[in-house]
Amino acid sequence: MLDRLQYIKQRFDEISDLIIQPDIISDQKRYVQLNKEYKDLKALVEKRDEYVKLTNDIKEAKEIISDGSDAEMTEMAKMQLDEANDRLPQLEEEIKFMLIPKDPEDAKNVMVEIRAGTGGDEASIFAGDLFRMYTKYCENKGWRTSVVDVNEGTSGGFKEVIFEVTGEDVYGTLKFEAGVHRVQRVPQTETQGRIHTSAATVMVLPEAEEFDVQIDMNDVRIDLFCSSGPGGQSVNTTKSAVRMTHIPTGLVAQCQDEKSQHKNKDKALQVLRSRLYEMELAKKQEEDAAKRNSQVSSGDRSAKIRTYNYPQGRVTDHRIGLTLYDLDGIMNGSIQKIIDELQLVNNTEKLKESEVF
């Protein structure tokens with residue numbers, strides 16, 4: 001392990017020198033990539049330093065104990081040895097997981113798209129519940145959310161809502177939320193008290209930078225229309241809303257959240273770029289998941305991944321068989337426990353197939 005960590009330390013020192021070079025700073029794409037690698041390696045180098053210190057402590061303690069000439073020093077050395085031996089296996093496990101190759105997309109910001117599925121008005125209300133759940137979670141993480149486009153349901157909630165999330169390692173955290181979410185409860189409109197099952201689909205798209213996806217604007221049809229919904233005097237009077245259609249793929253993106261047509265164009269283009277990027281990424285993820293027979297693939301957007309059962313107050317993630325009886329907390333944004341378990345399963349799968357050791 002120490003040989004591998006020494007190589008990482010050398011790479012870290014090399015990047016530390018590179019990111020202050022003027023030619024690197026002027027190359028935005030290269031600078032962003034190196035800066036991300038620097039942050040990732042910095043955490044590993046800190047673990048390496050702790051590992052080196054622990055192994056040195058163990059060696060030193062063993063020497064003092066074998067000498068045995070000073071009873072007080074020997075007693076202290078035994079305590080030091082016990083502490084180091086307790087910590088070392090735990091530290092080795094932490095380092096193993098950190099050495100798993102990271103997906104380059106994990107650091108990206110995301111576009112989250114929530115669409116009401118089967119279940120009529122109740123599905124729209126549930127889509128609104130999921131939107132609130134995610135925005136509260138993001139708020140607790142210190143991430144910023146910004147609504148891009150909304151299509152409201154007739155009885156509350158949303159037929160569709162698209163929002164952007166910006167922060168640290170957003171895609172790596174939220175990517176396993178993609179799929180079909182089901183809710184089982186008595187709808188507000190139900191008079192007989194019968195439990196209904198409704199669904200909403202969540203898509204999590206890594207936000208593509210300009211250098212990730214090149215779009216020829218000659219391939220894009222732009223339509224302007226009046227915004228609908230809240231927004232003051234400009235609504236239904238000014239053609240500020242923008243719809244973009246990518247003719248080669250048929251992908252459509254629109255934005256009506258901003259009052260400025262120019263800002264809506266920028267946001268719609270951002271969504272379109274992310275959808276094109278996600279199309280290619282989804283193919284790769286499905287191939288990778290097929291190779292690994294992964295439980296937690298983020299490529300299959302039609303898979304039923306989670307059920308929220310209101311009568312029993314439980315949430316079940318079907319991919320990993322995790323059931324939590326904390327429905328209220330989860331719907332109020334406390335989804336970290338689920339995300340941690342999904343990431344653990346994914347990392348364990350990767351660890352088994354990696355040749356780190």
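Atom-to-atom distance recorded for T173:OG1 and L342:CG is 11.5 Å, nearest 0.5 angstrom. If you take CG on L44 and CG on D49, they are separated by 11.0 Å, rounding to the nearest 0.5 Å. Between I222 atom CD1 and R243 atom CZ the span is 12.5 Å, to the nearest 0.5 Å. Rounding to the nearest 0.5 angstrom, the gap separating the CD1 atom in I339 from the NZ atom in K175 is 12.0 Å. The line from NZ of K108 to CG of L205 is 12.5 Å long, rounded to the nearest 0.5 Å. The NZ atom of K78 lies 9.5 Å from the CG atom of D82; values are rounded to the nearest 0.5 Å.
By the side chain to side chain contact (heavy atoms under 4.5 Å, CB included) test, K53 pairs with D57, sequence neighbours left out.
Just one of K337, R306, K304 meets the salt bridge (Lys or Arg N to Asp or Glu O under 4.0 Å) condition when paired with D317; it is R306. Under the side chain to side chain donor-acceptor pair (under 3.5 Å) rule, R275 has a single partner from H246, E113, Q270, which is E113.
Follow the hydrophobic side-chain contacts under 4.5 Å out from M217 and you never reach V252; the two are in separate clusters. There is no path of hydrophobic side-chain contacts, each under 4.5 Å, that joins M76 to I58. L18 and I25 fall within the same hydrophobic cluster, defined by Ile, Leu, Val, Met, Phe, Trp and Tyr side-chain heavy atoms under 4.5 Å apart, directly or through other members. Note on L251: it does not cluster hydrophobically with I247, by side-chain heavy-atom contacts below 4.5 Å among ILVMFWY residues.
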Side chain to side chain donor-acceptor pair (under 3.5 Å), that's the test. Do R182 and T307 meet it? Break it down for me. CA-CA 5 Å; R182 294 189 310 171; T307 297; 3.0 Å; yes
Check step by step if salt bridge (charged side-chain N to carboxylate O under 4.0 Å, His left out) holds for E164 and K267. CA-CA 10 Å; E164 179 187 26; K267 276 196 175 182; 5.4 Å; no
Chi angles and distances behind the side chain to side chain donor-acceptor pair (under 3.5 Å) call for D67, S69: CA-CA 6 Å; D67 178 76; S69 58; 2.4 Å; yes
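Between K39 and D169 there is no salt bridge, since no side-chain nitrogen of the basic residue lies less than 4.0 Å from a carboxylate oxygen of the acidic one. Taking 4.0 Å as the cut-off between side-chain N and carboxylate O, R87 and E94 count as a salt-bridged pair.
Two residues are said to be in side-chain contact when any heavy atoms from C-beta on lie closer than 4.5 Å; L130 and M133 meet this criterion.
A donor-acceptor pair under 3.5 Å is absent between the side-chain atoms of R48 and the main chain of I8, judged by distance alone. Between the side chain of Q343 and the backbone N or O of G172, at least one donor-acceptor pair lies under 3.5 Å.
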Using distance only, find each side-chain donor-acceptor pair of residues 321-336 under 3.5 Å and give its atom names and separation, not counting sequence neighbours.
residue : atom : partner : partner atom : Å
T323    : OG1  : T316    : OG1          : 3.0
D326    : OD1  : G329    : N            : 3.3
N332    : OD1  : K136    : NZ           : 2.9
N332    : ND2  : D328    : O            : 2.9
S334    : OG   : G329    : O            : 3.3
Q336    : OE1  : Y137    : OH           : 2.5
Q336    : NE2  : D340    : OD1          : 2.8

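Taking the six-membered ring for Trp and thresholds of 30 and 60 degrees, F131 and F163 have ring planes more than 60 degrees apart, a perpendicular arrangement. Relative orientation of the H181 and Y308 rings is parallel, given thresholds of 30° and 60° on the angle between their planes.
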